[in-house]
Amino acid sequence: MNKHVMEVKALAKYSIYVAFSDGVEGVVDLGHLAHKGVFQSWDKDDLFAQVHVDACGAIAWNDYIDICPDNVWLQLNHLTFEQWQQQDWSVHATHQ
């Protein structure tokens with residue numbers, strides 16, 4: 001997708017604000033991940049508040065917990081991957 005996270009910060013419990021290089025920005029609720037698998041660690045030592053962009057460009061909390069920024073970008077744009085893929089292919093088809 002080639003969108004880069006420019007800013008990320010923790011807000012209310014399990015919500016983050018994210019701003020992307022293409023101007024897309026907004027608040028994402030990650031509550032559906034809380035208390036599951038590795039995300040159980042969010043409640044320890046106030047880890048959720050330590051969200052940042054890691055060296056690979058992922059939205060991360062530490063070396064073990066991160067989420068893909070592409071999925072967050074899709075969510076902020078109210079798109080599924082399939083919808084984005086169709087939209088992207090149609091743009092490419094008109095330029096060939």
Side-chain angles (χ1 to χ4, degrees):
M1 286 184 196
N2 235 5
K3 315 308 189 224
H4 302 284
V5 178
M6 304 302 290
E7 179 182 0
V8 63
K9 62 183 171 182
L11 301 175
K13 200 65 163 179
Y14 312 127
S15 292
I16 57 173
Y17 166 80
V18 184
F20 286 88
S21 59
D22 65 348
V24 170
E25 63 182 20
V27 175
V28 177
D29 180 5
L30 302 174
H32 64 285
L33 299 174
H35 312 294
K36 297 179 184 174
V38 297
F39 300 107
Q40 293 176 26
S41 298
W42 279 346
D43 291 324
K44 296 177 184 171
D45 302 320
D46 202 28
L47 182 63
F48 189 80
Q50 298 174 35
V51 66
H52 61 279
V53 182
D54 72 8
C56 296
I59 298 168
W61 286 265
N62 58 27
D63 290 341
Y64 307 104
I65 303 173
D66 62 36
I67 58 175
C68 175
D70 291 344
N71 287 328
V72 172
W73 185 90
L74 287 170
Q75 185 176 352
L76 288 173
N77 283 285
H78 308 288
L79 293 170
T80 65
F81 176 76
E82 291 78 13
Q83 290 169 327
W84 169 81
Q85 192 175 36
Q86 288 173 351
Q87 181 182 32
D88 191 54
W89 284 113
S90 65
V91 169
H92 284 76
T94 60
H95 294 291
Q96 291 183 1

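The hydrophobic clustering, which links ILVMFWY residues whose side-chain heavy atoms are closer than 4.5 Å, places L11 and V24 apart. In terms of hydrophobic clustering, with Ile, Leu, Val, Met, Phe, Trp and Tyr side chains grouped at heavy-atom distances under 4.5 Å, M6 and I67 are assigned to different clusters.
D43 is linked by a side-chain contact (heavy atoms from CB on, under 4.5 Å) to K13, Y14, H35, counting only residues two or more places apart in sequence or in another chain. Partners of E7 by side-chain contact (heavy atoms from CB on, under 4.5 Å), not counting sequence neighbours, listed by chain and number: K9, Y17, A19. Not counting sequence neighbours, the partners of V28 by the side-chain contact (heavy atoms from CB on, under 4.5 Å) test are I16, L30, V72, Q75, L76.
Rounding to the nearest 0.5 angstrom, the gap separating the CZ atom in F39 from the NE2 atom in H32 is 8.0 Å. To the nearest 0.5 Å, atom CG of residue N71 and atom CG of residue L79 are 12.0 Å apart. Taken to the nearest 0.5 Å, the NE2 atom of H4 stands 10.5 Å off from the CZ atom of F20.
Contact between P69 and G57 at its shortest, heavy atoms only, is CG-O, 3.4 Å.
Side-chain atoms of W84 and N77, non-hydrogen and from C-beta on, never get closer than 4.5 Å to each other.
Evaluation of the side-chain hydrogen bond (donor to acceptor under 3.5 Å, both in side chains) test over residues 50-69, restricted to residues two or more places apart or in two chains, returns none. Legend: salt bridge (charged side-chain N to carboxylate O under 4.0 Å, His left out) pairs involving residues 23-33, not counting sequence neighbours: none detected.
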side-chain contact (heavy atoms from CB on, under 4.5 Å) evaluation trace for V5 with W73: CA-CA 9 Å; V5 178; W73 185 90; over 6 Å; no

